Amino acid sequence: MERLAAKESLLLAFRDAGGFEALVTGKISDMQRIDVNERIVGLEGLNPAPRPTTSPYLEGQWKFEWFISGSPGLLAAQIVFERFPAALGNLCRSDVRIKDGYAKITANLNFLNSVESNFILNSKLSVEGPLRMSEEYIEGIFESPKIREESIPQQLKGAFDQANSTVQQLPVSIRDAAMSGFNFQGPSWTFQRLFLISYLDDEIMIARSTAGVPEVLTRLDPGPSVVVKPITEYES
């Protein structure tokens with residue numbers, strides 16, 4: 001009951017702080033941040049998983065609720081917004097699917113409330129202890145944008161029609177490449193990070209960076225129906 005109350009208190013703190021949108025836009029006060037962090041610490045003290053890195057609950061689809069600079073959820077958006085004016089777009093949501101030692105992080109981006117696209121980070125996970133994991137990013141994919149013409153502001157329709165006409169005049173090979181998205185990979189793209197999983201159950205996961213800053217995720221899928229015996233051997 002104490003753990004259930006602590007989880008509900010944390011989720012309520014997220015809502016009171018403005019949720020995901022307020023976090024991305026920076027519209028959260030210092031008081032709200034410290035309130036959320038206080039409740040995170042309280043929940044971590046009730047962690048039911050002694051070895052979260054090998055728990056069956058680790059795998060599945062998770063949604064980022066709380067993250068900080070340097071987290072994979074925010075990193076995915078920053079990579080794209082470095083190439084586009086930040087005032088024109090925003091990060092709508094970010095989630096991660098963990099399966100068989102790999103993670104697929106998806107950031108859903110929206111530009112001018114009319115153009116939607118996903119930026120995907122694929123990474124390899126390695127278990128390094130009961131709480132510690134390493135993550136190696138191996139590929140980034142900027143998917144082909146999807147345009148909702150009915151949502152384009154009236155004052156921008158002329159510019160959109162002109163841009164669309166220009167695209168249609170491009171050579172087929174170039175046009176197809178642009179519309180199929182962009183892929184980032186290779187030695188210059190690969191990088192790593194270490195993190196700790198400080199809390200894990202069937203609904204919530206809390207991970208901390210090497211600087212000790214937390215990110216909180218909530219489960220999107222039903223999760224495992226059967227608890228299996230955790231693995232006791234670790235990779236170094």
Side-chain angles (χ1 to χ4, degrees), residues 20-21 23-26 53 58-128 132-148 163 167 170 173-197 205-211 213-221 235:
F20 188 83
E21 181 179 354
L23 185 65
V24 172
T25 57
T53 56
L58 180 61
E59 292 198 343
Q61 192 82 16
W62 298 88
K63 175 186 176 184
F64 286 92
E65 299 283 359
W66 183 264
F67 52 78
I68 40 76
S69 177
S71 75
L74 189 58
L75 176 62
Q78 288 175 334
I79 289 172
V80 175
F81 288 139
E82 286 175 358
R83 294 164 172 78
F84 297 91
L88 300 181
N90 66 291
L91 174 63
C92 298
R93 69 178 185 275
S94 183
D95 57 62
V96 56
R97 177 170 179 78
I98 300 173
K99 182 70 174 177
D100 297 331
Y102 288 87
K104 179 181 179 180
I105 303 152
T106 303
N108 180 257
L109 310 166
N110 187 296
F111 300 92
L112 295 173
N113 294 320
S114 305
V115 181
E116 294 183 357
S117 184
N118 289 325
F119 186 80
I120 297 172
L121 283 173
N122 289 318
S123 63
K124 180 180 179 181
L125 302 174
S126 298
V127 175
E128 298 198 347
R132 186 176 65 189
M133 300 192 78
S134 66
E135 184 172 26
E136 179 185 5
Y137 298 100
I138 54 180
E139 182 184 42
I141 302 170
F142 182 40
E143 292 187 338
S144 175
K146 298 177 182 178
I147 302 173
R148 293 182 287 114
V167 170
L170 292 172
S173 58
I174 297 177
R175 185 175 69 233
D176 289 348
M179 295 306 294
S180 63
F182 301 93
N183 186 287
F184 305 88
Q185 60 182 348
S188 61
W189 167 253
T190 303
F191 57 101
Q192 294 180 313
R193 74 162 185 155
L194 291 170
F195 63 95
L196 297 175
I197 300 178
M205 174 164 53
I206 301 174
R208 288 188 177 269
S209 68
T210 52
V213 186
E215 55 192 29
V216 182
L217 303 91
T218 56
R219 184 178 292 278
L220 291 174
D221 59 12
E235 299 178 14

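Throughout, numbering of the chain's residues begins at 1 and tracks the sequence. The structure presented is a predicted model; accordingly, all values stated were derived computationally and were not measured.
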*Heavy-atom check, side chain of Leu58 versus side chain of Met133, under 4.5 Å*: yes
*Give, for atom CG of Leu196 and atom CD1 of Ile206, the distance between the pair rounded to the nearest 0.5 Å.*
12.5 Å
*Quick one: pull up CZ in Phe195 and OG1 in Thr53 and give me the separation to the nearest 0.5 Å.*
9.0 Å
*Results of side-chain contact (heavy atoms from CB on, under 4.5 Å) for Lys99 - residues two or more places apart only*: Glu59
*Could you give the distance from CZ (Arg208) to CD (Glu215), rounded to the nearest 0.5 Å?*
10.5 Å
*Would you name the heavy atoms of Gly140 and Leu121 that are closest together and state the gap between them?*
CA-CD2, 4.3 Å
*Partners meeting salt bridge (Lys or Arg N to Asp or Glu O under 4.0 Å) with Lys124 (sequence neighbours left out)*: none
*Distance-minimising heavy-atom pair for Trp62 and Ile98*: CD1-CD1, 4.3 Å
*Any side-chain heavy-atom pair from Glu136 and Ser123 closer than 4.5 angstrom?*
no
_With Asp221 via salt bridge (Lys or Arg N to Asp or Glu O under 4.0 Å) - residues at least two apart_ = Arg219
*asked:* Suppose we screen for salt bridge (Lys or Arg N to Asp or Glu O under 4.0 Å). Which residues come up paired with Arg93, at least two apart in sequence or across chains?
replied: none
_What's the separation between atom CG in Leu217 and atom CD in Glu65, rounded to the nearest 0.5 Å?_
8.0 Å
_Measuring from atom CH2 of Trp66 to atom OG1 of Thr218, what distance do you get when rounded to the nearest 0.5 angstrom?_
14.0 Å
_Qualifying residues under salt bridge (Lys or Arg N to Asp or Glu O under 4.0 Å), relative to Arg132, sequence neighbours excluded_ = Glu128
*asked:* Any non-hydrogen side-chain atom of Lys104 less than 4.5 Å from a side-chain atom of Tyr102?
replied: no
*Reported OG1-to-CG distance for the pair Thr106 and Asp95, which is rounded to 0.5 angstrom*: 5.0 Å
